Amino acid sequence: MCRSDQKWEQDHFQIFASYNLTKEQHRDDFIILGFLFEDLDRVLFDKRNFPKIKFTQSGNNFTIKNTPIDLNKMNEHKIQFYTYNFFKSLFFLINNDYDYKKTKCKIDFKKALFYFFMDEIIKNTKELNQKLLIITFNFKDDSLKHNWRYDFIKKYLSSMNILHLDTKEVLNKHMTENYLKTEDYYSLKDLHLNKRGNKVIVNELNNIIEQYK
């Protein structure tokens with residue numbers, strides 16, 4: 001289910017703000033940025049445990065709201081009929097055969113914001129003579145199949161000629177060569193990479209860094 005308002009929280013793309021704060025300190029350097037494909041959906045979140053940076057869209061432009069962050073600000077308390085909302089949402093999801101991995105909720109907004117972030121980062125890396133590497137990660141279930149996020153981001157990075165470390169490809173290759181299974185690379189608790197999965201990717205990352213020293 002999608003919200004109808006146009007005010008959203010910048011979650012995974014906090015890396016955008018972090019890069020802007022530190023970019024001048026790393027002229028002529030090697031810049032590595034990483035994120036989960038699924039994080040593209042989290043730009044829709046407008047509520048977390050603490051206040052977050054927010055972006056408001058106006059045409060093709062985005063403006064930053066809620067800065068500086070007030071960490072002492074308490075979340076607003078509203079009366080909620082949780083049981084009613086839960087069953088209402090559950091009924092909707094069941095009857096619509098909902099799979100959030102496939103959902104294209106607010107897809108145009110997600111893509112527009114992604115373009116905005118990445119275009120700004122790429123422009124700055126060129127001006128500062130920085131070599132940019134993007135690393136993309138997946139949860140365990142994403143490693144078994146593609147979705148629109150994967151195809152969209154892969155196509156964009158390729159079109160912009162950006163150095164890209166696709167961890168799905170790296171793990172699939174290692175899996176085939178060593179006769180392992182997907183679950184051998186992920187934690188059973190949270191579906192994130194385990195020690196083996198991280199080691200495989202770090203080794204590949206080191207190989208790339210060595211090429212550009």
Side-chain angles (χ1 to χ4, degrees), residues 10-43 100-102 110-111 113-213:
Q10 189 265 6
D11 183 50
H12 132 69
F13 290 109
Q14 290 174 4
I15 196 170
F16 172 71
S18 297
Y19 173 72
N20 281 336
L21 289 172
T22 60
K23 61 187 179 184
E24 295 290 345
Q25 303 172 26
H26 301 282
R27 287 177 175 269
D28 308 313
D29 214 338
F30 195 87
I31 305 299
I32 303 173
L33 306 179
F35 55 84
L36 281 158
F37 284 109
E38 185 172 311
D39 286 342
L40 187 55
D41 294 288
R42 297 178 186 177
V43 295
Y100 81 97
K101 294 290 185 181
K102 299 177 181 178
K110 295 172 185 176
K111 288 183 176 181
L113 192 54
F114 180 82
Y115 286 139
F116 170 72
F117 289 145
M118 288 305 305
D119 288 348
E120 283 292 309
I121 289 174
I122 292 171
K123 180 185 72 173
N124 280 280
T125 57
K126 290 180 178 179
E127 292 175 351
L128 297 171
N129 193 35
Q130 296 167 333
K131 182 64 179 179
L132 176 63
L133 168 65
I134 298 294
I135 306 179
T136 52
F137 296 91
N138 311 272
F139 284 122
K140 177 183 174 183
D141 49 351
D142 283 334
S143 66
L144 303 175
K145 55 186 177 182
H146 291 347
N147 54 49
W148 74 265
R149 302 157 195 79
Y150 182 88
D151 295 331
F152 164 67
I153 293 176
K154 287 269 290 184
K155 182 178 180 180
Y156 171 83
L157 295 177
S158 176
S159 69
M160 299 299 289
N161 197 30
I162 299 300
L163 185 61
H164 176 209
L165 176 56
D166 181 354
T167 60
K168 177 187 285 190
E169 292 182 350
V170 172
L171 293 179
N172 284 341
K173 179 181 178 182
H174 189 271
M175 188 187 314
T176 301
E177 294 175 346
N178 293 275
Y179 305 99
L180 296 172
K181 298 180 180 179
T182 301
E183 51 265 32
D184 294 323
Y185 300 90
Y186 291 89
S187 167
L188 296 177
K189 294 182 179 180
D190 58 11
L191 304 183
H192 286 75
L193 293 169
N194 60 19
K195 184 176 181 179
R196 175 188 279 120
N198 279 305
K199 182 178 180 180
V200 171
I201 292 171
V202 168
N203 288 340
E204 185 65 25
L205 176 59
N206 285 334
N207 291 335
I208 294 176
I209 294 175
E210 284 295 324
Q211 296 177 32
Y212 289 91
K213 277 189 175 181

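Here the structure is a predicted model, which is why all the values come from computation and not from measurement.
- Taking 4.5 Å as the limit, some side-chain heavy atom of Tyr150 sits within range of a side-chain heavy atom of Asn147.
- Counting only heavy atoms from C-beta outward, the side chains of Ile162 and Met118 never approach each other to under 4.5 Å.
- Although no hydrogens or angles enter the test, the distance criterion places a donor-acceptor pair under 3.5 Å between the side chain of Thr167 and the main chain of Thr136.
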Verdict with reasoning, Leu33 to Phe16, per side chain to side chain contact (heavy atoms under 4.5 Å, CB included): CA-CA 9 Å; Leu33 306 179; Phe16 172 71; over 6 Å; no
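- More than 12 heavy atoms of other residues, nucleotides or ligands lie within 6.0 Å of CG in Asn206, so this atom counts as buried by the packing criterion.
- Using the six-membered ring where Trp is involved, Trp148 and Phe152 have ring planes that are tilted, between 30° and 60° apart.
- Residues Asn172 and Met175 meet the side-chain proximity criterion, which asks for heavy atoms closer than 4.5 Å.
- The shortest side-chain heavy-atom distance between Phe30 and Ile209 falls under the 4.5 Å cut-off.
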Steps toward side chain to side chain contact (heavy atoms under 4.5 Å, CB included) verdict (Phe37, Asp151): CA-CA 10 Å; Phe37 284 109; Asp151 295 331; over 6 Å; no
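- Contact of the Tyr212 side chain with the Leu133 side chain is not registered, since no non-hydrogen atoms from C-beta on lie closer than 4.5 Å.
- Leu171 approaches Tyr186 most closely through the heavy-atom pair CD1-OH, 3.7 Å.
- When each of Lys195, His174, Lys199, Arg196 is tested with Tyr185 by the rule side-chain hydrogen bond (donor to acceptor under 3.5 Å, both in side chains), just one qualifies, namely His174.
- Of the possible donor and acceptor atoms, none in the side chain of Ser158 sits under 3.5 Å from a partner among the backbone N and O of Lys154.
- Taking every heavy atom of both residues into account, Tyr19 and Gln130 meet most closely at OH-OE1, 2.6 Å.
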Audit row: Asp166, Leu157, side chain to side chain contact (heavy atoms under 4.5 Å, CB included) steps and yes/no: CA-CA 11 Å; Asp166 181 354; Leu157 295 177; over 6 Å; no
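- Side-chain contact between Leu128 and His26: absent, with no pair of heavy atoms (C-beta onward) separated by less than 4.5 Å.
- Note on Lys173 versus Glu204: no salt bridge recorded, every NZ/NE/NH1/NH2 to OD/OE distance being 4.0 Å or above.
- Within the 4.5 Å cutoff, side-chain heavy atoms of Lys131 are placed close to those of Leu163.
- Checking side-chain atoms of Asn129 against main-chain N and O of Arg27 turns up no donor-acceptor pair under 3.5 Å.
- Between Ile15 and Phe117, the closest side-chain pair of non-hydrogen atoms is not below 4.5 Å.
- Ring centroid separation for the pair Phe139 and His192 comes in under the 6.0 Å cut-off.
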